[in-house]
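Below: the structure, in structure tokens.
Note: hydrogens, waters and symmetry copies are ignored here, and every other heavy atom, side chains too, is used.
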Amino acid sequence: MTTNEERMLSGQLYNVYDTDLAKKTDRKQTLLASINDPSTTTDVQPKFRQLLGKTGAHFYIEPPFFCDFGDNITLGDDVYINTNAVFLDSGRITIGSRVLIGPRVSLFAASHPIAADVRTKMVSRWSPHRNRR
């Protein structure tokens, strides 16, 4: 049997209220809260290494940064992402090497069913940003 995360990443219908996905979202929210805190004076780049699935040798992300999970995002070497980026990574997002991304860029690897009868169920192809407990 496949997990909800496996179904999500393969573009199949999945339960957005799955407890394992909720744990991943809680982890992401904790990391992003510390990354996006405007009063912080510490280097937040090591926290991005914890948040993201894989990072290259050199990268820099300007906070604030927003994502669904974080661990479905892969960065190559020498990547710069400017401020206010939004990466909806309920699908995989892969950025190659030597890439510069401007401010307020949004990458959406998420989708949802269009049919109303399917959308009204607690099953979707997207993950909301709210606590599901």
Side-chain angles (χ1 to χ4, degrees):
M1 175 179 252
T2 60
T3 66
N4 278 296
E5 181 175 10
E6 290 169 334
R7 287 193 289 275
M8 175 185 75
L9 290 172
S10 68
Q12 299 175 37
L13 293 176
Y14 68 97
N15 182 349
V16 298
Y17 302 109
D18 178 70
T19 55
D20 291 333
L21 291 176
K23 288 176 190 174
K24 289 179 64 149
T25 299
D26 290 346
R27 175 186 171 276
K28 177 264 317 188
Q29 287 175 329
T30 300
L31 282 167
L32 283 182
S34 62
I35 287 169
N36 293 334
D37 180 356
S39 67
T40 189
T41 58
T42 60
D43 179 16
V44 297
Q45 299 310 306
K47 292 182 181 181
F48 278 114
R49 285 199 189 277
Q50 294 174 32
L51 175 68
L52 303 179
K54 184 178 176 189
T55 58
H58 302 98
F59 72 94
Y60 192 87
I61 302 174
E62 297 278 357
F65 177 82
F66 307 95
C67 63
D68 279 337
F69 298 102
D71 59 350
N72 299 322
I73 301 169
T74 300
L75 303 181
D77 296 327
D78 303 316
V79 172
Y80 174 80
I81 300 171
N82 211 322
T83 189
N84 278 308
V86 176
F87 289 9
L88 299 187
D89 64 317
S90 58
R92 297 193 193 285
I93 295 176
T94 303
I95 311 268
S97 295
R98 299 180 42 100
V99 175
L100 306 174
I101 295 178
R104 299 178 68 186
V105 168
S106 298
L107 303 178
F108 305 138
S111 66
H112 57 76
I114 295 171
D117 61 325
V118 177
R119 288 185 71 172
T120 57
K121 296 177 185 173
M122 290 177 46
V123 178
S124 183
R125 287 187 182 150
W126 65 281
S127 175
H129 289 280
R130 65 181 183 272
N131 192 343
R132 293 177 288 290
R133 291 185 191 170

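- Grouping the Ile, Leu, Val, Met, Phe, Trp and Tyr side chains by contacts below 4.5 angstrom, directly or via other members, places Val105 with Ile73.
- Rounding to the nearest 0.5 angstrom, the gap separating the CG atom in Asp18 from the OG1 atom in Thr3 is 7.5 Å.
- For the side chain to side chain contact (heavy atoms under 4.5 Å, CB included) test, residues two or more places apart in sequence or in another chain that qualify with Tyr80 are Tyr60, Glu62, Asn82, Leu100.
- Checked against side chain to side chain contact (heavy atoms under 4.5 Å, CB included), Leu9 has the following partners two or more places apart in sequence or in another chain: Glu5, Asn72, Arg92.
- Of all non-hydrogen atoms in Ala110 and Ser90, the two that sit nearest each other are CB-OG, 3.1 Å.
- Residues satisfying the ring pair (Phe, Tyr, Trp, His ring centres under 6.0 Å) test with Phe59, not counting sequence neighbours, are none.
- To the nearest 0.5 Å, atoms CD1 (Ile93) and CZ (Phe87) are separated by 6.0 Å.
- Under the rule for a side chain to side chain contact (heavy atoms under 4.5 Å, CB included), the partners of Asn36 that lie at least two apart in sequence or sit in another chain are Leu32, Pro63, Pro64, Phe65, Phe66.
- With rounding to the nearest 0.5 angstrom, the OG1 atom of Thr55 is 10.0 Å from the CD atom of Gln45.
- Of all non-hydrogen atoms in Asp43 and Pro46, the two that sit nearest each other are O-CD, 3.4 Å.
- Each salt bridge (Lys or Arg N to Asp or Glu O under 4.0 Å) pair with one or both residues in residues 71-87, not counting sequence neighbours, appears once here: Lys24-Asp71.
- Within the 4.5 Å cutoff, no side-chain heavy atoms of Asn84 are placed close to those of Pro103.
- Atom SG of Cys67 and atom CD1 of Ile35 lie 8.0 Å apart (nearest 0.5 Å).
- At most 12 non-hydrogen atoms from other residues, nucleotides or ligands lie less than 6.0 angstrom from CZ of Arg98.
- Closest approach of Leu21 and Met8 over heavy atoms only: CD2-CE, 4.2 Å.
- Partners of Thr41 by side chain to side chain contact (heavy atoms under 4.5 Å, CB included), not counting sequence neighbours: none found.
- The two residues Phe69 and Leu51 have their closest heavy-atom pair at O-CD1, 3.9 Å.
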Apply side chain to side chain contact (heavy atoms under 4.5 Å, CB included) to residues Leu31 and Lys28 and explain how you reach the verdict. CA-CA 5 Å; Leu31 282 167; Lys28 177 264 317 188; 6.0 Å; no
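- Between Asn4 atom CG and Asn15 atom CG the span is 5.0 Å, to the nearest 0.5 Å.
- Distance CG/Leu75 to CD1/Ile81: 5.0 Å, rounded to 0.5 Å.
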